[in-house]
K.L.:
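Quick one: the structure is below, and I'll ask about it shortly.
Each residue takes its place number in the sequence, starting with 1. Computation of the quantities below employed the complete heavy-atom set of this structure, encompassing side-chain atoms and omitting hydrogens, waters and symmetry-equivalent molecules.
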Amino acid sequence: MSDSNLVEITILGREYRVQCREGERDALNASVELVERRMRDLAEATRASGERLAVMCALNLAHEIFQIQATGGVDLVPLRRRINAMQSRVDEALSAQEKLF
């Protein structure tokens with residue numbers, strides 16, 4: 001990969017330069033947000049910091065991946081609930097709009 005594929009990211013106030021393939025920047029940004037959120041939550045819960053915090057976060061994320069793989073995929077029940085709730089809100093908004101006309 002060339003230098004043009006280097007992207008600067010920030011996690012817990014520290015900047016890093018990482019390689020990112022073309023077309024994968026959105027996925028990288030989502031990953032950064034996930035890691036940032038998990039590390040902040042873990043830091044608050046455990047008072048860990050630095051390398052220990054990073055290792056604990058990595059282990060927690062790896063554990064979640066293995067649990068998903070062991071069950072054969074993602075638990076769809078909560079996802080379906082969220083989709084249904086969003087659909088209801090969309091239906092309500094459209095219904096309100098139809099009454100205007």
Side-chain angles (χ1 to χ4, degrees):
M1 286 192 198
S2 68
D3 284 348
S4 64
N5 291 335
L6 285 177
V7 176
E8 289 190 19
I9 62 167
T10 303
I11 298 176
L12 296 180
R14 293 199 54 191
E15 292 184 8
Y16 302 91
R17 292 182 71 174
V18 298
Q19 296 283 343
C20 182
R21 292 188 179 114
E22 242 178 89
E24 294 185 359
R25 192 172 208 134
D26 289 342
L28 173 63
N29 288 335
S31 298
V32 168
E33 289 176 21
L34 173 67
V35 170
E36 172 84 18
R37 185 174 59 249
R38 294 295 182 88
M39 287 184 77
R40 284 193 187 282
D41 292 348
L42 197 54
E44 288 176 15
T46 65
R47 303 289 182 220
S49 63
E51 184 178 331
R52 179 174 172 76
L53 177 61
V55 169
M56 289 172 61
C57 184
L59 287 171
N60 284 340
L61 290 170
H63 177 72
E64 288 177 24
I65 290 168
F66 284 124
Q67 282 184 317
I68 289 169
Q69 289 175 341
T71 61
V74 177
D75 184 4
L76 295 179
V77 173
L79 292 176
R80 285 189 183 129
R81 266 191 237 126
R82 287 184 67 193
I83 290 169
N84 289 337
M86 288 187 291
Q87 183 65 48
S88 294
R89 280 187 268 168
V90 168
D91 289 343
E92 288 172 19
L94 290 174
S95 175
Q97 289 294 318
E98 289 174 1
K99 291 177 184 176
L100 294 176
F101 297 102

K.L.:
Side-chain heavy atoms nearer than 4.5 Å, only ILVMFWY residues, links allowed to pass through others: does that put L42 and V55 together?
P.N.:
no

K.L.:
Excluding sequence neighbours, so at least two apart, what forms side-chain contact (heavy atoms from CB on, under 4.5 Å) with L34?
P.N.:
R37, R38, L61

K.L.:
Is the OH atom of Y16 crowded by more than 12 outside heavy atoms at less than 6.0 Å?
P.N.:
yes

K.L.:
Can you tell me which residue pairs pass the salt bridge (charged side-chain N to carboxylate O under 4.0 Å, His left out) test with a partner in residues 49-63, sequence neighbours excluded?
P.N.:
none

K.L.:
What residues form a side-chain contact (heavy atoms from CB on, under 4.5 Å) with E24, not counting sequence neighbours?
P.N.:
C20, R21

K.L.:
Sequence neighbours excluded, which residues qualify as side-chain contact (heavy atoms from CB on, under 4.5 Å) partners of E22?
P.N.:
none

K.L.:
I need the full list of side-chain hydrogen bond (donor to acceptor under 3.5 Å, both in side chains) pairs touching residues 27-36, with sequence neighbours left out, sorted by first then second residue.
P.N.:
E36-R40

K.L.:
Nearest 0.5 angstrom please: M56 CE to T46 OG1, how far?
P.N.:
4.0 Å

K.L.:
Applying salt bridge (charged side-chain N to carboxylate O under 4.0 Å, His left out), which residue pairs with at least one partner in residues 83-93 are found, sequence neighbours left out?
P.N.:
none

K.L.:
Are Q19 and L6 packed together at the side-chain level, in the sense that at least one heavy-atom pair is separated by less than 4.5 angstrom?
P.N.:
yes

K.L.:
Apply side-chain contact (heavy atoms from CB on, under 4.5 Å) to I9 and E15, showing your working.
P.N.:
CA-CA 6 Å; I9 62 167; E15 292 184 8; over 6 Å; no

